[in-house]
Amino acid sequence: MAQLTELNLNTFVRGDSSVLRWSWVKQEAGGGTTPLSLVGYKVALTVKTSQYDSSVDDSTAVQGSDNVLFKIDVDCDDPEDMHGIDPTLGQVVFPLSKKATWIAPGAYYIDIVVENKSSHRTQTVMYGKLNIQGHPTNRLTTDETDTFEDLGV
């Protein structure tokens with residue numbers, strides 16, 4: 001099994017819609033990368049306050065709730081979930097809605113897990129930190145859900 005390296009991802013503004021783009025690639029001996037196909041896989045991004053999963057069941061997470069834990073699932077074989085991206089290229093777009101980012105500013109821990117849909121085997125392929133930054137003008141309502149058109153995807 002390959003050793004995971006913790007990554008520090010982008011900073012997102014609290015209460016703003018955004019997307020997190022991620023690619024599953026294999027590091028080649030010469031330093032280059034090759035995309036790994038996501039055909040037949042599901043991918044999940046989990047955002048939490050603690051570094052490691054606790055006894056909290058991720059499936060009970062509510063976007064933007066006080067436990068600041070949310071999970072975004074993508075079925076890589078569903079064209080609606082993939083938004084026009086070819087799963088053979090190993091790329092995924094995770095939508096971050098206004099409700100998801102409407103959490104206290106600070107650093108949050110994330111992990112990305114891929115699941116083979118036929119064998120149901122899972123593998124954590126990345127973990128790291130995601131930063132939410134506050135600012136003085138995020139006063140808009142978060143009651144409306146976002147669409148991918150709202151996110152510019």
Side-chain angles (χ1 to χ4, degrees), residues 1-27 33 35-134 138 142 144-153:
M1 173 189 275
Q3 180 178 356
L4 294 176
T5 303
E6 184 172 342
L7 299 176
N8 195 9
L9 298 177
N10 291 340
T11 297
F12 297 93
V13 177
R14 179 178 183 248
D16 281 1
S17 305
S18 191
V19 294
L20 176 64
R21 298 177 191 279
W22 175 75
S23 297
W24 195 21
V25 296
K26 175 183 175 183
Q27 184 78 37
T33 58
L36 294 172
S37 177
L38 287 168
V39 173
Y41 285 87
K42 291 182 184 178
V43 181
L45 167 75
T46 306
V47 178
K48 52 198 165 242
T49 55
S50 61
Q51 185 171 5
Y52 302 106
D53 286 328
S54 64
S55 59
V56 176
D57 179 4
D58 286 349
S59 67
T60 63
V62 177
Q63 288 186 357
S65 67
D66 289 338
N67 68 3
V68 297
L69 175 69
F70 64 90
K71 180 178 171 187
I72 301 170
D73 293 315
V74 175
D75 181 344
C76 297
D77 296 324
D78 183 346
E80 189 172 317
D81 278 0
M82 291 302 289
H83 305 282
I85 297 172
D86 182 355
T88 61
L89 301 176
Q91 300 173 348
V92 174
V93 174
F94 293 106
L96 298 176
S97 68
K98 291 181 283 191
K99 284 186 175 184
T101 62
W102 196 259
I103 54 181
Y108 292 88
Y109 294 95
I110 64 125
D111 60 40
I112 295 178
V113 175
V114 295
E115 176 187 355
N116 184 306
K117 293 189 325 187
S118 61
S119 69
H120 300 287
R121 296 186 88 147
T122 61
Q123 179 181 358
T124 302
V125 293
M126 196 202 92
Y127 77 100
K129 291 182 183 173
L130 174 139
N131 296 300
I132 300 294
Q133 177 181 351
N138 49 8
T142 61
E144 298 283 330
T145 57
D146 297 312
T147 66
F148 262 92
E149 290 77 30
D150 295 335
L151 300 173
V153 174

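The figures here come from the full heavy-atom set of this structure, side chains too, leaving out hydrogens, waters and symmetry mates.
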Asks: Calculate, to the nearest 0.5 Å, the distance between atoms NZ and NE2 belonging to K42 and H120 respectively.
Replies: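 Result: 7.5 Å between the selected atoms.
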Asks: Indicate yes or no: at least one non-hydrogen side-chain atom of I112 is less than 4.5 angstrom from one of V43.
Replies: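 The answer is yes, as the side chains (C-beta and beyond) meet within the 4.5 Å cut-off.
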Asks: Hey, could you give me the OG1/CD distance between T33 and Q27, rounded to the nearest 0.5 Å?
Replies: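 If we round to the nearest 0.5 Å, T33:OG1 and Q27:CD are 6.5 Å apart.
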Asks: I need the I132 CD1 to I103 CD1 distance, nearest 0.5 Å.
Replies: 4.5 Å
Asks: Is there a side-chain contact between V93 and R21, using heavy atoms and a 4.5 Å cut-off?
Replies: yes
Asks: Tell me the closest heavy-atom pair linking G134 and R14, and the distance in Å.
Replies: CA-CB, 4.2 Å
Asks: Any non-hydrogen side-chain atom of Y109 less than 4.5 Å from a side-chain atom of K129?
Replies: yes
Asks: Going by atom types alone, do D86 and T88 pair a side-chain donor with an acceptor below 3.5 Å?
Replies: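 Yes, T88 and D86 have a side-chain donor paired with an acceptor closer than 3.5 Å.
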Asks: Could you tell me whether the side chain of I85 reaches within less than 4.5 Å of the side chain of V92, counting heavy atoms only?
Replies: no
Asks: Heavy-atom distance under 4.5 Å between the side chains of L96 and I72, does that happen here?
Replies: yes
Asks: So, the side chain of S37 versus the backbone of V39: is there a donor-acceptor pair under 3.5 Å, distance only?
Replies: yes
Asks: What closest approach, in Å, do K98 and G15 show between heavy atoms, and which atom pair accounts for it?
Replies: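 Where K98 meets G15 most closely, the heavy atoms are CG-O, 3.4 Å.
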Asks: Measuring from Y127:OH to T46:OG1, what's the distance to the nearest 0.5 Å?
Replies: 15.5 Å
Asks: Would you indicate whether the side-chain heavy atoms of P105 and Q133 approach each other to under 4.5 Å?
Replies: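 No, side chains not in contact.
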Asks: Taking atom CZ of F70 and atom CH2 of W102, what is their separation to the nearest 0.5 Å?
Replies: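 Between F70 CZ and W102 CH2, I get 14.0 Å after rounding to 0.5 Å.
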Asks: Under a 4.0 Å threshold between the charged nitrogen and the carboxylate oxygen, would K117 count as salt-bridged to D75?
Replies: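 Counted as a salt bridge, because a side-chain N and a carboxylate O are separated by less than 4.0 Å.
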Asks: Checking side chain to side chain contact (heavy atoms under 4.5 Å, CB included) between M126 and each of V113, D111, V114, I110, which is the one that passes?
Replies: I110
Asks: Below 4.5 Å, heavy atoms only, C-beta onward: do V19 and F94 meet side chain to side chain?
Replies: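 No. Closest side-chain heavy atoms not under 4.5 Å.
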Asks: Going by the angle between their ring planes, with limits at 30° and 60°, are Y41 and W24 parallel, tilted or perpendicular?
Replies: perpendicular
Asks: Do M82 and P87 have side chains that get closer than 4.5 Å, going by heavy atoms?
Replies: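 The answer is yes, as the side chains (C-beta and beyond) meet within the 4.5 Å cut-off.
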